[in-house]
Amino acid sequence: EEDLLNDVCREVVERWSDSQVVDAKEEKEDEVQAIASMMEKQARIVVKPKEVSQEEKQRKAALLAQYANVTDEEEYPFPALLGAVRDTLFRNTNVEDVLNARKLERELLRDEFQKKKEQDKLQREKDKLAKQERKEKEKKRTQKGERKR
């Protein structure tokens, strides 16, 4: 029985190892199949070229022709005018815009502060008058009370 048991165990181990080899082969085949399907999908994806209208082609050709006529050796007909035009066309106004915005904001804050200051002053005057009126009323009431006694 021991020999039979050893034979059975050996056979079970052999079949198990054979099945593992077959599973590994199947997994590799599945991976290869997955990669092949991905490559097929990518091959099917076609980037459509951008269609350029005839008008755009003409505009581009005109611009290229215009720039092709001017070379580096040629001198511009009005260099002073060109410099002025370049300054006005390409002047960076970001810094000026930011500074003007800050200046405007400061002026607005200054005006608001002045208004608040004047309102506070008027309120203090009103409070002072109200306090004075209360004192006068209290004084009159005490005078009436003294007369009645």
Side-chain angles (χ1 to χ4, degrees), residues 8-9 12-149:
V8 170
C9 288
V12 168
V13 169
E14 287 175 7
R15 287 190 183 186
W16 180 80
S17 62
D18 289 343
S19 70
Q20 292 298 319
V21 171
V22 170
D23 288 343
K25 287 180 183 176
E26 288 177 1
E27 286 179 11
K28 286 187 179 184
E29 289 175 4
D30 289 342
E31 289 176 7
V32 169
Q33 185 65 27
I35 291 172
S37 66
M38 287 175 59
M39 290 174 67
E40 288 174 6
K41 287 180 184 176
Q42 286 180 349
R44 277 188 242 142
I45 298 173
V46 177
V47 177
K48 295 179 182 177
K50 182 181 175 185
E51 294 181 15
V52 181
S53 69
Q54 189 65 24
E55 183 180 318
E56 290 177 2
K57 287 180 182 177
Q58 290 174 350
R59 194 178 312 145
K60 185 175 180 180
L63 278 174
L64 289 174
Q66 178 185 359
Y67 285 114
N69 290 337
V70 178
T71 62
D72 291 338
E73 292 85 33
E74 289 181 2
E75 194 168 317
Y76 292 102
F78 305 105
L81 180 62
L82 181 66
V85 169
R86 187 181 326 124
D87 289 343
T88 58
L89 288 179
F90 300 109
R91 194 175 83 203
N92 187 353
T93 60
N94 291 339
V95 173
E96 293 175 9
D97 292 343
V98 169
L99 291 176
N100 289 337
R102 286 184 182 169
K103 185 177 179 181
L104 182 63
E105 185 179 349
R106 282 195 306 270
E107 288 175 4
L108 289 174
L109 289 173
R110 188 179 309 122
D111 291 344
E112 288 177 16
F113 179 74
Q114 277 301 116
K115 287 179 184 177
K116 187 178 182 321
K117 191 174 177 182
E118 289 173 9
Q119 287 176 350
D120 289 346
K121 187 176 180 181
L122 290 173
Q123 188 63 39
R124 281 194 302 271
E125 289 177 10
K126 286 181 183 178
D127 291 345
K128 189 176 180 181
L129 289 174
K131 186 177 180 182
Q132 199 171 22
E133 287 177 10
R134 282 194 304 271
K135 282 185 180 180
E136 288 176 6
K137 285 182 181 179
E138 181 68 27
K139 189 176 180 182
K140 287 180 183 178
R141 223 179 330 143
T142 54
Q143 285 176 356
K144 283 184 181 179
E146 288 179 4
R147 285 185 201 155
K148 290 182 180 178
R149 288 189 201 178

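Just so you know, these numbers come straight off a predicted model, no measurement behind them.
- Residue pairs meeting the salt bridge (charged side-chain N to carboxylate O under 4.0 Å, His left out) criterion with at least one partner in residues 117-128, sequence neighbours excluded, are Lys116-Asp120.
- In this structure, CG in Leu104 is found 12.5 Å from CG in Leu99, a value given to the nearest 0.5 Å.
- By the neighbour-count criterion of 12 heavy atoms within 6.0 Å, atom CD of Gln33 is sparsely surrounded, having that number or fewer from other residues, nucleotides or ligands.
- Annotation: side chain to side chain contact (heavy atoms under 4.5 Å, CB included) contacts of Lys140 (sequence neighbours excluded): none.
- Remark: Glu55 CD is loosely packed, at most 12 non-hydrogen atoms of other residues, nucleotides or ligands lying under 6.0 Å away.
- The side-chain hydrogen bond (donor to acceptor under 3.5 Å, both in side chains) check on Arg110 picks up nothing, with sequence neighbours excluded.
- Every residue two or more places apart in sequence or in another chain that forms a side chain to side chain contact (heavy atoms under 4.5 Å, CB included) with Glu14 is listed here: Arg10.
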Name each donor-acceptor pair under 3.5 Å that joins a side chain in residues 130-137 to protein atoms two or more places apart or in another chain, with its distance.
none

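- For the side chain to side chain contact (heavy atoms under 4.5 Å, CB included) test, residues two or more places apart in sequence or in another chain that qualify with Gln54 are Lys57, Gln58.
- Taking Asp97 as the reference, nothing meets the side-chain hydrogen bond (donor to acceptor under 3.5 Å, both in side chains) condition, with sequence neighbours excluded.
- Every residue was checked against the side-chain hydrogen bond (donor to acceptor under 3.5 Å, both in side chains) condition with Arg102, not counting sequence neighbours, and none meets it.
- For Arg15, the salt bridge (Lys or Arg N to Asp or Glu O under 4.0 Å) partners are Glu11, not counting sequence neighbours.
- By the salt bridge (Lys or Arg N to Asp or Glu O under 4.0 Å) test, Glu107 is found to be paired with no residue, residues two or more places apart in sequence or in another chain being considered.
- Residues meeting the side chain to side chain contact (heavy atoms under 4.5 Å, CB included) test with Glu56, sequence neighbours left out: Val52, Ser53.
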